[in-house]
**Student:** 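Structure provided below as structure tokens; questions to follow.
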Amino acid sequence: MLQPSVLFAVHSHAEDIWGNVTSDLEDLSFELKISDKDSKVVISRVISVLNHGWTNAIFSDLCIKDDGDYTIDVSVKAKDQTIIATQITQITVSSDLSVPKALFGDLHVHSDDTVGTESSIYNFTYGREISALDVLGYTANDFQITKERWDATTELIKSLNKPGEFVLFPGTEWCGNSAAGGDHNVVFLADPATHPPEFPFDRHGNVARSFEWSEHGPKDLVPGAWPLDEVYCTYANDADTHLLIPHVGGRRCNLAWHHPKLERLVEIGSAWGQFEWLLRDAVRRGWKLGVSANSDEHRGRCGGGVPGTAVFGTRGGLTGIVAPRLERQDVADALRARHTFATTGQRLVGMVQTAGRSAIQGDEIQLRSQETLELDYQFFGEKGFSSIEAFDASGLIWRRHFWSESEAPATILRVTWGGARLYDRYREAVWNGTITLSEEGAVQNVVPFGGLEDNTEDYSRLSGNHTVEFSSKTSGDIDGVNIALQDNGPPRKIFIAGSLGGYVKIGDALAGNPHKAQPNFQLETSWEEASRPDGTMVEILGGAELFVRVEAIPRVELPQRTQGRASFSGQDTGLRSIYFVGREWSGEKVVTSPIFIDYV
């Protein structure tokens, strides 16, 4: 999303079935076409790909002068012009946007300096060239990074930072266990050329890491800044040039700890999983935290890369940044102001502002006791939004449910499942089940979505005319299928049953690891019950928001772009935090930072 006449680039690349960028492919070219709503081509470009290196093309210095929604169509062609692959997405040009364009960042990227794969230069180049990131935050596990490697990578960051094109922040991950505060990223926002990061020692010579223990370091563990309070003490005197981000990774953050000047954002999604519950926790505690989502990338695929093996169960996230310029200070100010939104890895956009445009997401405002608040929202998606929701500490307070807004009859059976087995590491939930229709209804075809689109080992498949088998893994995200029915009508009953397991850390991975609290699940419902808004759902015991849901939905075109105004009644006194969530039918979502209202 951008303003008219703002220069932009389209980055395209080819992937293998596992989501890795391909390389060393010969005689290929990329063709770009950008069309308006009347299918008129307004931009057309072709780039030939080198026969060595990544299979990618960057169409730079593009410009669209007129407001509107446009379609971006990129094709990969062989030497004889045969189309090998194609991808279509959307771009919106709007004079109403308050900044030149929505920026996207990944503030949590590891390299082989510590526990990641690939070098720092590889990860930075991947983020800039392949993932088209505007902002990247390098992250070194603080216990493992040596001073020599830290200094070398800081120098690399200085050389690669390019104002107006690519902003790089150095940072560390304070690796404390949950009882001591849990994982927190420390992002050094100041220019490292003029303000060297205070790491691994602060300006007074005190140790600034959680502890030190690595193959290149001391033989025995050396204690450091522990617990989290000592990290606060290290950076609180210069809070404006630092950003601490609590997150859920190997060691779940503990929001009982909070420093309002240092902690301005919370990470609610990464390759480890999706954690919308963490934002709810922050809001209920009264913390004024905005949102971010990042990759926490350890595999060299930052910027929304698809799931990997072992404990990395979901696509990495992206942080949307509302900043006036792509300059280090402007981005830093926007992050600390909480002018952000978080996505599940896709280029979705969510914007919220007060009706008078005096405040946007992340801002603090004052209202009189019981004064009504009106918020304008704009959401821009890819596949179509099924709902736009607003929440405060009490839960869901406002909603648009687009299937319910349609008068078309329900003709599609939609089954979703998701959640995680644990709130901590090894959270993966392993689902194996069947969806069976009573004999009145027969399956015509099945459309999988969610993680089923990202992992080739997961599947949904027909078994006869009345049964769909599925096998997938979730880590706080959702998977699902849309089942189109044959013309003989809907089923009277729907039956879902299966087993639930978890990650196997020790022992035979093929033997599985049953979810002890509830190793099996089942749901039975009628078509009539499934046709009600939100359908029929069962919660599964002992996990982190584990569920199975059945809905009967109409075959309607859902909006890729939606905007409107929502009104919220006031309260007597106190703080209220309101944030919005845009959910696409296919499982992707975008979450805005809250607006913080103080009623006086």
Side-chain angles (χ1 to χ4, degrees), residues 384-389 391 395-419 429 431-450 452 460-470 472 474 477-500 515 517-543 545-558 581 583-587 589:
F385 288 104
S386 56
S387 68
I388 305 294
E389 302 166 339
F391 296 83
L396 180 67
I397 55 174
W398 178 91
R399 187 187 195 199
R400 289 191 66 185
H401 187 257
F402 293 103
W403 285 314
S404 298
E405 292 181 10
S406 170
E407 296 182 357
T411 58
I412 296 173
L413 184 67
R414 174 181 170 87
V415 181
T416 52
W417 56 92
W431 304 81
N432 290 283
T434 57
I435 305 162
T436 304
L437 313 185
S438 58
E439 60 183 13
E440 302 85 15
V443 178
Q444 184 177 57
N445 62 62
V446 179
V447 176
F449 56 85
L452 286 165
S460 60
R461 61 194 181 197
L462 273 173
S463 178
N465 291 329
H466 304 281
T467 300
V468 175
E469 300 174 339
F470 63 88
S472 78
T474 64
D477 56 319
I478 71 167
D479 292 346
V481 291
N482 282 353
I483 301 173
L485 304 172
Q486 296 182 14
D487 293 336
N488 49 324
R492 186 172 56 87
K493 292 285 185 180
I494 302 104
F495 308 89
I496 301 175
S499 64
L500 181 64
H515 179 56
Q518 187 178 334
N520 298 294
F521 60 88
Q522 60 181 14
L523 184 157
E524 177 180 342
T525 190
S526 67
W527 180 263
E528 180 182 4
E529 291 169 334
S531 299
R532 298 168 184 165
D534 297 320
T536 303
M537 185 189 79
V538 294
E539 296 181 358
I540 296 176
L541 302 176
E545 301 182 336
L546 293 166
F547 76 95
V548 179
R549 186 189 301 274
V550 180
E551 301 169 272
I553 59 173
R555 188 186 297 275
V556 295
E557 185 175 351
L558 295 170
V581 182
R583 304 186 195 277
E584 293 204 300
W585 69 265
S586 46
K589 64 182 175 182

**Student:** More than 12 heavy atoms of other residues, nucleotides or ligands under 6.0 Å from CZ of R555: is that the case?
**Tutor:**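 Counting other residues, nucleotides and ligands, CZ of R555 stays at 12 neighbours or fewer.
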**Student:** Taking side chain as C-beta onward, heavy atoms only, is V548 less than 4.5 Å from I540?
**Tutor:** yes
**Student:** For the residue pair F449 and E584, establish whether any side-chain heavy-atom pair is separated by less than 4.5 Å.
**Tutor:** no
**Student:** Rounded to the nearest 0.5 Å, how far apart are CD of E439 and CG of N465?
**Tutor:** 12.0 Å
**Student:** So does E539 have more than 12 non-hydrogen atoms from other groups sitting under 6.0 Å from CD?
**Tutor:**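 Not buried by this count: 12 neighbours or fewer within 6.0 Å.
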**Student:** Give, for atom CG of L437 and atom OG1 of T467, the distance between the pair rounded to the nearest 0.5 Å.
**Tutor:** 7.0 Å
**Student:** Is the backbone of A530 close enough, under 3.5 Å, to the side chain of E551 for a donor and an acceptor to pair up by distance?
**Tutor:** no
**Student:** Test side-chain contact (heavy atoms from CB on, under 4.5 Å) on L485 and T411; report intermediate values, then the result.
**Tutor:** CA-CA 7 Å; L485 304 172; T411 58; over 6 Å; no
**Student:** Would you say that H401 contacts D534 through its side chain, given a criterion of any heavy-atom pair below 4.5 Å between the two side chains?
**Tutor:**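 In short, these two side chains touch, coming nearer than 4.5 Å.
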**Student:** So, do W585 and F402 have ring centers that fall under 6.0 Å from each other?
**Tutor:** no
**Student:** Mark yes or no for whether S387, through its side chain, and E389, through its backbone, hold a donor-acceptor pair below 3.5 Å.
**Tutor:**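 No; judged by distance alone, with no hydrogens or angles, the pair does not exist.
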**Student:** Are F470 and W417 an aromatic pair by the rule of ring centers under 6.0 Å?
**Tutor:** yes
**Student:** What closest approach, in Å, do A410 and W527 show between heavy atoms, and which atom pair accounts for it?
**Tutor:** O-CZ2, 3.4 Å
**Student:** Report the distance from atom CG of N432 to atom OG of S472, rounding to the nearest 0.5 Å.
**Tutor:** 8.0 Å
**Student:** How long is the gap from CD1 on I435 to OG on S463, to the nearest 0.5 Å?
**Tutor:** 12.0 Å
**Student:** What is the minimum heavy-atom distance between V468 and S460, and which atoms define it?
**Tutor:** CG1-CB, 4.5 Å
**Student:** How about E405: does its CD atom have over 12 heavy atoms from other parts shown lying under 6.0 Å from it?
**Tutor:**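 Count over threshold, so yes.
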**Student:** Could you report the tightest heavy-atom contact between A408 and P554, atom names first, then the distance?
**Tutor:** O-CB, 3.5 Å
**Student:** Using the rule given for side chain to side chain donor-acceptor pair (under 3.5 Å), can you reason through S438 versus E440, listing the C-alpha separation, both sets of side-chain angles and the distance that settles it, and then say yes or no?
**Tutor:** CA-CA 6 Å; S438 58; E440 302 85 15; 2.4 Å; yes
**Student:** Would you say the side chain of F547 lies within less than 4.5 Å of the side chain of T416, judging by non-hydrogen atoms?
**Tutor:** yes
**Student:** Check whether any side-chain heavy atom of H515 sits under 4.5 Å from a side-chain heavy atom of L546, and report yes or no.
**Tutor:** yes
**Student:** Treating Q444 as the side-chain partner and A484 as the backbone partner, does any N or O pair qualify as donor plus acceptor under 3.5 Å?
**Tutor:** no
**Student:** Please give me the minimum heavy-atom distance between L541 and Q518, naming the atom from each residue.
**Tutor:** N-OE1, 2.9 Å
**Student:** Is the backbone N or O of G419 less than 3.5 Å from a side-chain atom of T474, with the two atoms forming a donor-acceptor pair by type?
**Tutor:**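 Yes: the side chain of T474 pairs with the backbone of G419.
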**Student:** Can you tell me how far apart CZ (R461) and OG1 (T434) are? Round to the nearest 0.5 Å.
**Tutor:**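 Between R461 CZ and T434 OG1, I get 11.5 Å after rounding to 0.5 Å.
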**Student:** Look only at the side chain of Q522 and the backbone of I496, and say whether a donor-acceptor pair between them is shorter than 3.5 Å.
**Tutor:** no
**Student:** Do you know which two heavy atoms are closest between L558 and F385, and how far apart they sit?
**Tutor:**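 Smallest heavy-atom distance, with atoms named: CB-O, 3.5 Å.
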**Student:** How far does CD of E528 sit from OG1 of T536, to the nearest 0.5 angstrom?
**Tutor:** 10.0 Å
**Student:** Hey, does S406 have a side-chain heavy atom less than 4.5 Å from the side chain of I553?
**Tutor:** no
**Student:** Between S386 and R583 (side chain of the first, backbone of the second, donor and acceptor by atom type, cut-off under 3.5 Å), is there such a pair?
**Tutor:**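 It does hold such a pair.
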**Student:** Of all heavy-atom pairs between D479 and L452, which one has the smallest distance, and what is that distance?
**Tutor:** OD1-N, 3.8 Å
